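Sequence lines set the chain letters: A, B, ... in the order given, protein chains first and strands last, and positions in each chain run from 1. Just so it is clear, the structure is predicted and the values come from calculations on it, not from any experiment. Side-chain atoms are counted along with the backbone in the values below, which use heavy atoms only and exclude waters and symmetry mates.
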Amino acid sequence: MGEINKTYDWDSGKGLREPVKTLEDKWKLVPSFLQVKGLVKQHIDSFNYFINVEIKKIVQANEKVFCDADPLFYIKYLNAYVGTPDLEEGFNITKPTTPHECRLRDMTYSAPITVDIEYIRGNQRVIKNKQLIGRMPLMLRSSNCVLTNKSDFELAQLNECPHDPGGYFIIRGQEKVILIQEQLSRNRMIVDEFKGAIQCQVTSSTHEKKTRTNVILKNGKYVLRHNALSDDIPIAVAFKAMGICSDQEIMQLIGTDDTTIKKMAPCIMDCHNLKIFTQNQALTYIGSKLKVKRFQSGGAKARSPVDEARDLLATTILAHVAVENYNFYVKAIYLALMVKRVINAETNKAAVDDPDYYGNKRMELAGSLLALMFEDLFKRFNWELKSIADKIIPKVKAAPFDVVKHMRPELIANGLFAAISTGNWTIKRFKMERHGVTQVLSRLSYISALGMMTRVNSQFEKTRKVSGPRSLQPSQWGMLCPSDTPEGEGCGLIKNLALMTHITTECSEEPIARLACNAGVEDVRLLGGEEINNPAVYIVFLNGNILGVSRQYKRLLKVFRMFRRRGLISAFVSIYPNHNQRTVYICSDGGRLCRPYIIVEKGYPLVQQSHINELNRGIRKFQDFLNDGLIEYLDVNEENDSHIATVEAEIDPYVTTHLEIEPFTILGVCAGLVPYPHHNQSPRNTYQCAMGKQAMGTIGYNQQNRIDSLMYNLVYPQCPMVKTRTIELTNFDKLPAGQNATVAVMSYSGYDIEDALILNRASIDRGYGRCLVYKNAKTTMKRYSNQTSDRILGPSRDATTGKVIRAHEILDSDGIASPGEMVENKQVLINKQMPPATINPVAQGQPQQVEYKDVPITYKGPVESYIEKVMVSSNSEDAFLIKILLRQTRVPEIGDKFSSRHGQKGVTGLIVQQEDMPFNDRGICPDMIMNPHGFPSRMTVGKTIELLAGKAGLMEGKFHYGTAFGGSKVHDVCRELEKHGYNYHGKDIFYSGLTGEPLEAYIYSGPVYYQKLKHMVQDKMHARARGPRAVLTRQPTEGRSRDGGLRLGEMERDCLIGYGASMLLLERLMLASDAFVADICASCGRLASRAWCHACRSSAGVSSVEMPYACKLLFQELASMNIVPKLTLKKYC
Amino acid sequence: MPKLEEKPRIFLEEFRLKNAPEDYGMADEKWSFKKFVKKFRIVIVRMNSEEMEFDLIGIQPAFANAFRRLMLSEVPSMAIEKVMIKNNTSIIQDEVLAHRLGLIPLKADPRLFEYRPEDATEGTEFNTLEFSLKVKCTNNKSQPKDSYRAEDLYENHSVYSSQIKWQPLGNQASIHKESDIGPVHGKILISKMRPGHELDLHLVAIKGIGKDHAKFSPVATASYRLLPDVTLTREVRGSEASLLQSCFSPGVINLDSEGRAYVQDARYDTCSRNVYRYDEIKDAVILSRIRDHFIFNVESVGAMPPEVIFVEAVKILKNKCKSFLDELNKFC
């Protein structure tokens, strides 16, 4: 710092600059930020915007429905609302509901969508308010959810965990997340190189259309390419078709410097060769290149190709540039700019855009995806109304046609439910077909649920082997976590948001456009090409559209930033210049990644210690920092135009514009759990991000009230000894998943090779690693169309002894297993029966003594379970719903998987009695022994520091912090150890528990936070001697769940062949599998049946041959296709 | 390595523990009873009903370790082994509740009981203790106004080990005093409850050993360490002396009136070896431990006083030796 100051000393001519003081507790801004924003605020904000604003816009955009049969008839939507969550209990009766009720009863957490309509009934104009048109699945904790703005106590009353982030939906009892979708931003010019050719591409997207327009350099000429055109259009023709007929004007728009003229000359020539000079000629030319439409749309008004071409230019090509009254001037400027970009990119490779750059990406969230889906369904809903009206109005009827009676709310409701529950987003209008948009919320642990809410899914194809989109992009700094990505096919394509990332929602353009004009932006329509391309001016874009030009772009930037800091325009509007392109971009669209920064002015951060003190005292909130202009949000593009210091000491008074709030916020939720991640090799942090999601522990305060199909809980979860700030911010310390184990890093026996762990028996006896596994069994009692229904019978008794049969032992008198009972394999949980016929009506008068079919719900599994609870309720179809929650308590055993927080996983190799464990001077013996060979190659130095910090924390009775890029210093921690009489390096003298003599080496030991992962031996152990076979092939079944055989695979087979063990092969592949004695006729070589050859009509030559059943099957199948396989039999030996 | 004294030592070097050059471990030494009797001493340093520190001097590590191991895993004690759950409407799961109850130390003296045969279905008064725990949480009728503390709102919201009631079997009530049987500590939290929650349990305690389950171990821990020894090789004075002093536990190194360091008492040194961090004084000391001087620390769980546990361990070893000899003698 001192050095830097000196250099500025003579520069400024003043005395030494006072060094910038480090702000203490600056990190407290992060919890303050999360308090307002929450970890899943992106989802909730986006959904709120949809149900409160966008849905009204969509309804307004499609407000009128007309009918062909009656020109006077119309329906007009006046307004639309999304209500509060309720359940439909029977006809027209609704009851408010809670998310937890929906989870338990397999219902959908949704709210009615109502509209105010004005329509014609008979000859009257009728206004009807609050007409139900559908149901909207509600996002938990969105503005209309019952959980919003509730205190912890009220949440507890609703059976909801206060730490649950919300942001997901409940569809038919299943929790579903709409993942954040990442895609290239729309309405932006992107110059890229495709197969050596440079092109400028724009994906225009408006409410009506979504099209892609390209300007390509083809054979030294520039052409316009579009899907609606069968052929490329020379660029000069396109300009002429837009009414820019003079070549000079075209050149002025593109640029009049020598290189441009040289490059454009062939294009102009081309146009002359085609003999196109007027707009009409150009349009005729384009009209001839139109793709032939397969079928004409309804109106059937045949229009001339010229009209078609003009329309195409106006509405489809570069659709986002509005054309009024066929005045193409703005569009022509836009097209000229595209050409200019391509020309630039030819000479200057730096002008080629990077499609992986995050400034060019937009995140699509639940709100915008649902809006697309809703608009599609709403259009279909209206189309259906129209066709009903078309059909019914012409008929003469007693009562006037009332369209309200024909409204089917199920259409929109089921459409939305189905989309969310399957994850298939099919919108024909936009030719959109996406799968896997939603996923079931993983409730393995709290962190896995949270991690899922921050997941970003890339639209890029997973199978393609391109490294670009997968590699770490420098522009994702601070926005997306650099560590949290899966290994394998999704690597780099599935990402997670960082801690402080916010995703913008759309905000209105008009005030921004007005402000820009006031700040000196001149409307482009008033200017000629020469003026636009003047090197002194910057072209100003607003959300991809040309707004105008500015002569003083610096002033424009300043004015905008000032307005934003004052709160006069939305905090999420970004403005940034591009000096290469001489443009200024203003963005207010949704889906941009952004994040808050402290503003630095004149070398000093605006946030002062006094502000932080006020924050500590609770009289200042994050919003106040924004309102006072101390902190602002920067999106990726603007971030790259700023000079950001990571710490105060880095501030350069002449260039620095912003200061990072806290460096650890570049990591996400999952990576935030790792203590000292900055000391680890980076892949280890990535591994931990994947493993943290498999750790069992606590999933929420309401975990005991949930009936999930699979839930893992730890009996005694602990908060880690070495915490991080992120752990506190995400409440992981309140819902932990792991235990602090005293670890000795040493070798013990041979059972610790390859990362195996040695566990202490006594620790296990005292509850270490004990976990509860919950599973559920459920059934519904259906009612069938023929007035019959399922039934449940009490336990059956043995006819002779009168005792309840073993399978029914645990049943209560109502036929459902009673809570607290132990269930063993094959015992019945629910003694359900089904009527034999469910479709045909039962004949009248017949005695009601029908034979019911037994369809019991039985328990399967080698290890017994206990019944935790039984729930009897009804579901949305009014059928009885019975859910049984089963519980197992599991104690760690050999083969169970454990992992520390540093991507160091291992299975239990041996469980050792306490007395055999090594012990130190103080009588402490470790809970776990870890082999030191795990360290050198993994380079997880963070783990060794965690151990030290944990040990010191134990002595001091406090938690140490291992926050990324900070945390307790190793030296301080070691000093603490020293103070308490421990070795400075954390190594103690241990005695062998077996010989009683001291071990020769000093042992590095202390507490390390260990997670128990969900992979347990009990769920995987499998062996079989004989067992079930597949029906068709008679080969043993596959898989543990079907008690399948253990496959002798191809490679194993190769070994046996190589070795020449033919009899072993025969035994394994045939005798032990699907041996079959087939009768073969020796004379004709075909299969015979029962020692009788049908072909030869004799049994003379028939002999028995042992062959695989699959082989016999093959012969028969071939025979059925008119291929006759024949066997030649010979005497053997 | 200079030869210091007659006592067998292990030297604590900077990076490893090292035996004296001519020391090949005591396992190879020829054991003679006479020598042993001459050398062997037991010194009790500290003792109360729960914890005891004593020295075994002049014994082989195999013996010392055997005592430690026996105390941990083979000296029997009583613990709850079976829990009959008649009713449990609390949120704690049956298995977890049973596990927690098992870990509660009981006061009953295991020497007064027999092992329960493995095939026995019913316990007798000689091998079984039975308890009951019946608690129901209710709303406190006379709750004070404006209090949200659980202890004001509810009755029995926390179940403690003191609520476990002994149910004497047969003649047990006349043999044992009630105060000698129940849990050692009354303040062990078993479960927390809310109104409507109820526990009705029948607990069966038997005699067992730590090898089978840690709950039967009569000690919280029993371990030993070797007696540390610190020798100064040269005179250390002034700032170096105080630095040296700070490298050891308090009371190990003292300074005389002239500021010279001398070893006062190395017994309670933690052997942290932090001297080796300072190059200027690391040559001034030799750290070592006496290999046949074991400082035992036995922490009883509460059923038996620590000295009894040790004696029990010795008895078990004696019996083991006896049965081993008997087996050997059978064949010769």
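Between T995(A) and P61(B), the closest side-chain pair of non-hydrogen atoms is not below 4.5 Å. Residues L772(A) and V96(B) are in side-chain contact: their nearest non-hydrogen atoms beyond the backbone lie under 4.5 Å apart. With contacts defined as side-chain heavy-atom distances shorter than 4.5 Å, the pair I989(A)/R225(B) does not qualify. For the pair Q914(A)/R69(B), no side-chain contact is recorded, criterion being any heavy-atom separation below 4.5 Å from C-beta on. With contacts defined as side-chain heavy-atom distances shorter than 4.5 Å, the pair Y276(B)/H985(A) does not qualify. Contact check for T270(B) versus D921(A): no side-chain heavy atoms found under the 4.5 Å cut-off.
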I would like to know whether K211(B) and E915(A) meet salt bridge (Lys or Arg N to Asp or Glu O under 4.0 Å); could you show each step before the answer? CA-CA 9 Å; K211(B) 219 179 210 170; E915(A) 65 268 24; 5.5 Å; no
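Distance CD/E868(A) to CG/D94(B): 8.0 Å, rounded to 0.5 Å. In this structure, OG in S272(B) is found 7.0 Å from CD in E978(A), a value given to the nearest 0.5 Å. Taken to the nearest 0.5 Å, the CG atom of N65(B) stands 5.5 Å off from the CZ atom of F919(A). In this structure, C974(A) SG and N274(B) CG are separated by 9.5 Å, a value rounded to the nearest 0.5 Å.
Using modelled atom types, one finds no donor on one side chain facing an acceptor on the other under 3.5 Å when comparing Y1002(A) with E13(B).
The contact between K987(A) and chain B is made by backbone and side chain atoms together, counting heavy-atom distances below 4.5 Å. Interface residue Q704(A): only side-chain heavy atoms are found under 4.5 Å from chain B. Contact annotation for A762(A): both backbone and side-chain heavy atoms come within less than 4.5 Å of a heavy atom of chain B. Only the backbone of Y982(A) comes within contact range of chain B, with at least one heavy atom under 4.5 Å from a heavy atom of that chain.
Of the listed residues (P250(B), C247(B), S223(B)), the greatest number of heavy-atom pairs within a distance under 4.5 Å of chain A belongs to S223(B).
Ring-centre distance between Y224(B) and Y991(A): below the 6.0 Å cut-off.
Counting heavy-atom neighbours within 6.0 Å of R922(A) CZ, excluding the residue itself, gives a total above 12.
A salt bridge links R291(B) with E997(A): the distance from a Lys NZ or Arg NE/NH1/NH2 to an Asp or Glu carboxylate oxygen falls below 4.0 Å.
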